[in-house]
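Every chain is numbered from 1, with letters handed out A, B, ... down the list of sequences.
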Number of protein chains: 2
Amino acid sequence: MIVLQFANLRKDRCDVLTVEIEHVDVATMEMLEQQGVDCQPKASTIRIIQDKYLQKVHFSRHAIPLPEFMQIDDLEGAKRAGELFGYPLMLKSKRLAYDGRGNAVAHNEEELSSAVAALGGFDRGLYVEKWAPFVKELAVIVARGRDNSILCYPVVETIHKENICHIVRAPANVSWDIRKHATDVAYKAVSSLEGAGVFAVELFLTGDGQILLNEVAPRPHNSGHHTIEACYTSQFEQHLRAVVGLPLGEPSMKTPAAVMYNILGEDEGEPGFILAHQLIRRALSIPGATVHWYDKPEMRKQRKMGHVTIVGPSMGDVEERLKSILKGEGSDCKAAVTPRVGIIMGSDSDLPVMKDAAKILNMFGVPYEVKIVSAHRTPEMMFSYASSALERGIQIIVAGAGGAAHLPGMVAALTPLPVIGVPVRASALDGLDSLLSIVQMPRGVPVATVAINNATNAGLLAVRMMGIRDADLLARMSQYQEDTRNDVLRKAEKLEKDGWESYLNP
Amino acid sequence: MIVLQFANLRKDRCDVLTVEIEHVDVATMEMLEQQGVDCQPKASTIRIIQDKYLQKVHFSRHAIPLPEFMQIDDLEGAKRAGELFGYPLMLKSKRLAYDGRGNAVAHNEEELSSAVAALGGFDRGLYVEKWAPFVKELAVIVARGRDNSILCYPVVETIHKENICHIVRAPANVSWDIRKHATDVAYKAVSSLEGAGVFAVELFLTGDGQILLNEVAPRPHNSGHHTIEACYTSQFEQHLRAVVGLPLGEPSMKTPAAVMYNILGEDEGEPGFILAHQLIRRALSIPGATVHWYDKPEMRKQRKMGHVTIVGPSMGDVEERLKSILKGEGSDCKAAVTPRVGIIMGSDSDLPVMKDAAKILNMFGVPYEVKIVSAHRTPEMMFSYASSALERGIQIIVAGAGGAAHLPGMVAALTPLPVIGVPVRASALDGLDSLLSIVQMPRGVPVATVAINNATNAGLLAVRMMGIRDADLLARMSQYQEDTRNDVLRKAEKLEKDGWESYLNP
């Protein structure tokens, strides 16, 4: 128990009191509130949250979906719970539980007594939770201002290792509906508590798309550390804004993707520090990676010693960078560039046309890949290429095909990415067949079609698309337009000077 | 003069010594270097930079382009310089000059003596510079590591108010060639100096596209404050990385645009603070704005009291937000949303088709504007619309037209933004005329063409394009695809269940 050091606080010398951990002496906090000290969030909230059983009762009363639970006072009670909820059964301490401490799993009735013993017996207060068959753990940082305005950060996915938060992915790779649903539950949970501040709402996503509340922390939280680099307002600034009554800051992400990796203690003493420092050294040479080292004097197994946040243009991209930090390939990593554009074509006979898109991307320094993927002859490969492109970090697909040209449209049906279609002139109809096969897509699935055989324009269109959020590419596109204008002006001048006859017969 | 407090430093107790301002006692620094203290950047660099005349001589010897200059020792010398360089003539103190202090302009020979007097006479060392007929002031933050690796931040534009930096725009709104040229000059200037650290290189851009060096600061600088929020590595972290020998961090921008506004002291005392705090209060309610208040005890006219950085999706957007902070419209500002997509059409007869694009953007919550702009009947309006779209914050243009449909292609020729063309079926040829007029663009100017009359797909394509760097829109597009698939599956199920006859005749 962290003892409150502020029992002698005076209202006239303290504008607002907040907490950075919920394990405080809440009786003192309540006394201070009675004396007029402004606590944010309220002591009532801390009281509810620091007792996980009370927390479940509270949220259950407010109709927040959560796994079934019941208090257990003795082994008989635990057995009854086991009969009711089945196994595995999660036994939890009511208080002082965090980072996996205070949790024990019983896989069958025989394991109940050892699980109870592991939690220190019934004296400290235990309860059980029905096992939540979750497929992912999600979290939402929610901020509430003193005016009760509430803003939610984008939903993240948290990946635990032995019950300790290990990796956070922002945003969570779940459907928009799930994100909305998770945000709704988090919003509702925080609305039921009193006081201003930042709250972290941890959630389970089950296989059938249910969102269940796991628990709430009344403070900035490990699942929001990425907000420092990835969001317009960090959770720490947001907490201060909230408790002192400033307007809440914009919570959305300023980079498309972020991943947070906790540096957990390995071995005790020097060898553990050496490992951690090697990892940090690698992280420092990865673009978009920021290292936070907490400078704790001692390392213990599984202790949070620091974290690394990596931000970048896509989840595929930041995951790749994290991998190279963990694999020890840090120094080579700058060379490993994720392709941003996929240039695909139905046949190698399209390559003489499609190469022009690659030439443009070369000119603008955009990394790309070139592949043969036929809708008709390799439908499985087409399917897997299109469905995996996003997670591999591809941002735009340029697809060329001729005749009954199905590749661009089929790929567009299988990805949310923009697809640029290049009609390649095949044997008949001067390419009109290719053009109409590509451009006349049904409502719902667009293909950005360019002129017949004009892969140059496909490359330029890809650059323009990326320029929407890439100021350098935008500036380079303007420069390209100026350069091509100057080329034409030079020709115009030459024609003016030489006359049309000598221009044609130099 | 800031007196060095580190004369009693010992090599074994100090790993590295750096400076946060160049106005230090360089003799002491040199002595420390001789005693083995590791100074980064080197004392030689500080010596060159703290004397602006010496700095000019140094860079001139290294063939860095800069305005002509000469030392003046008396009024006769000043007059000779005036004859040589013409008027207005810039007189400068060699030392202790910053934030406009130490500069005086003489507009004619008569003003020379008063300018000299304003600078405290010839005793402190004066020189003159030929007036640089600049159209913009640019700056480049350059980092050099201990291994002599050099990385340059994107070129910014600095706007001064009475010689004091007032606004910084990142990136600078100049052509790509100018950016490259400015970066080259900055790189070359820093290469000529010794030692690791961050350097700020201030430059003039002249009307004929020349880049001239103004001066260099051997430290993090006001022209790099935006890097805290806008770049992958802030200039402050970069300076520490550089001087202690860590790998340099990625300097590029993680948001497309940023503007930094210095809060300069207004009135002395309380009223000045009240004005500043009102501005801060407004800034706190602007999305993407971060307030830095230096908490200086006293306010003086033109003193830098703090700054606000605003980051966002485009320069037009962040400029709008800055305006609303300065105009005092902070609280209303959240409502004023910049359109991101411009939907334009050649005639109101296209509206029944083009409305479908607007409906899609409504569904996805993307702000847009709808306008009639005819290539043939309002060519001037078309010209001004297309050329100004980027700076107004428009990211994508959706243009619909029928028949000899020139609007999409002409607009694409006038902007570096992606243009989506919607062929509207006119009176003849079932819309094939419109389609071919829009899609068959020449090499160099792409139009992303969708199916005839299919403005729905134009809207969806715009959302896919924005999803490249907007994880929320990307997730919503995936959800849209899942929803439309489910719609079809429901129909398939109904057909299966009811049989085709009752499906057709319910």
Side-chain angles (χ1 to χ4, degrees), chain A residues 154 171 175-177 179 232 241 246-247 249-250 252-257 284-285 287-288 311 313 390 395-396 416-418 420 435 439-452 454 456-458 460-461 464-472 474-479 481-482 484, chain B residues 154 171 175-177 179 232 241 246-247 249-250 252-257 284-285 287-288 311 313 390 395-396 416-418 420 435 439-452 454 456-458 460-461 464-472 474-479 481-482 484:
Chain A
S175 76
W176 183 252
D177 280 359
R179 287 199 215 173
Y232 287 107
R241 283 176 178 245
L246 295 175
E250 172 66 31
S252 62
M253 291 180 73
K254 62 181 172 186
T255 62
L284 283 168
S285 57
V311 297
L390 169 61
Q395 299 179 327
I396 297 169
L417 299 174
I420 301 172
L435 171 60
V439 76
Q440 284 297 98
M441 288 293 291
R443 268 167 225 281
V445 185
V447 170
T449 309
V450 295
I452 296 165
N454 199 335
T456 299
N457 277 6
L460 291 169
L461 185 55
R464 287 192 185 212
M465 288 181 186
M466 283 187 287
I468 291 174
R469 293 292 292 264
D470 185 326
D472 279 1
L474 186 64
R476 292 176 79 159
M477 179 53 71
S478 294
Q479 187 66 50
Q481 290 176 288
E482 197 180 314
T484 51
Chain B
S175 76
W176 184 252
D177 280 358
R179 287 199 215 174
Y232 287 106
R241 282 177 178 244
L246 295 174
E250 173 65 30
S252 63
M253 291 181 73
K254 63 180 171 186
T255 62
L284 283 168
S285 57
V311 297
L390 169 61
Q395 298 179 328
I396 296 169
L417 299 173
I420 301 172
L435 171 60
V439 76
Q440 286 295 98
M441 289 292 292
R443 269 167 223 279
V445 185
V447 170
T449 309
V450 295
I452 295 165
N454 199 335
T456 298
N457 277 7
L460 292 169
L461 185 56
R464 287 192 186 214
M465 287 180 186
M466 282 187 287
I468 292 175
R469 292 294 291 266
D470 185 326
D472 279 2
L474 187 64
R476 294 177 78 161
M477 177 53 70
S478 293
Q479 188 65 50
Q481 291 176 286
E482 198 180 314
T484 51

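- Scanning all heavy atoms of the two residues, the minimum distance from Val447(A) to Ile420(A) falls at CG1-C, 4.4 Å.
- The CG atom of Asp177(B) sits 5.0 Å away from the OG atom of Ser175(B) when rounded to the nearest 0.5 Å.
- Here the side chain of Glu250(A) pairs no donor or acceptor atom with the backbone of Tyr232(A) at under 3.5 angstrom.
- Closest heavy-atom contact between Ser285(A) and Pro287(A): O-CD, 3.6 Å.
- Using a distance-only test at 3.5 Å, with no hydrogens or angles considered, a donor-acceptor pair links the side chain of Asn457(A) to the main chain of Gly444(B).
- Taking Lys254(A), Glu482(A), Met477(A) one by one and counting their heavy-atom pairs under 4.5 Å with chain B, the maximum is reached by Lys254(A).
- Contacts with chain B were tallied for Ala458(A), Pro446(A), Pro154(A); Pro446(A) has the most, counting heavy-atom pairs under 4.5 Å.
- Among Asp470(B), Thr255(B), Leu246(B), Leu474(B), the residue with the largest count of heavy-atom pairs under 4.5 Å with chain A is Leu474(B).
- Of the residues considered (Arg179(B), Met253(B), Gln481(B), Arg476(B)), Arg476(B) shows the highest number of contacts with chain A, using heavy-atom pairs under 4.5 Å.
- With a 4.5 Å cut-off on side-chain heavy atoms, Arg464(B) and Pro416(A) do not count as touching.
- Thr484(B) pairs by the side-chain contact (heavy atoms from CB on, under 4.5 Å) definition with Tyr480(B), not counting sequence neighbours.
- With a 4.5 Å cut-off on non-hydrogen atoms, Ile452(A) touches chain B through its backbone and its side chain both.
- With a threshold of 4.5 angstrom between heavy atoms, Met441(A) approaches chain B through its backbone and through its side chain.
- The greatest number of non-hydrogen atom pairs below 4.5 Å with chain A, out of Pro171(B), Gly249(B), Pro313(B), is found for Pro313(B).
- By number of non-hydrogen pairs under 4.5 angstrom with chain B, the leading residue of Arg443(A), Met466(A), Arg241(A) is Arg443(A).
- With a 4.5 angstrom heavy-atom cutoff, Val439(A) touches chain B via backbone and side-chain atoms both.
- Proximity to chain B (any heavy atom under 4.5 Å) is shown, for Gln395(A), by both the backbone and the side chain.
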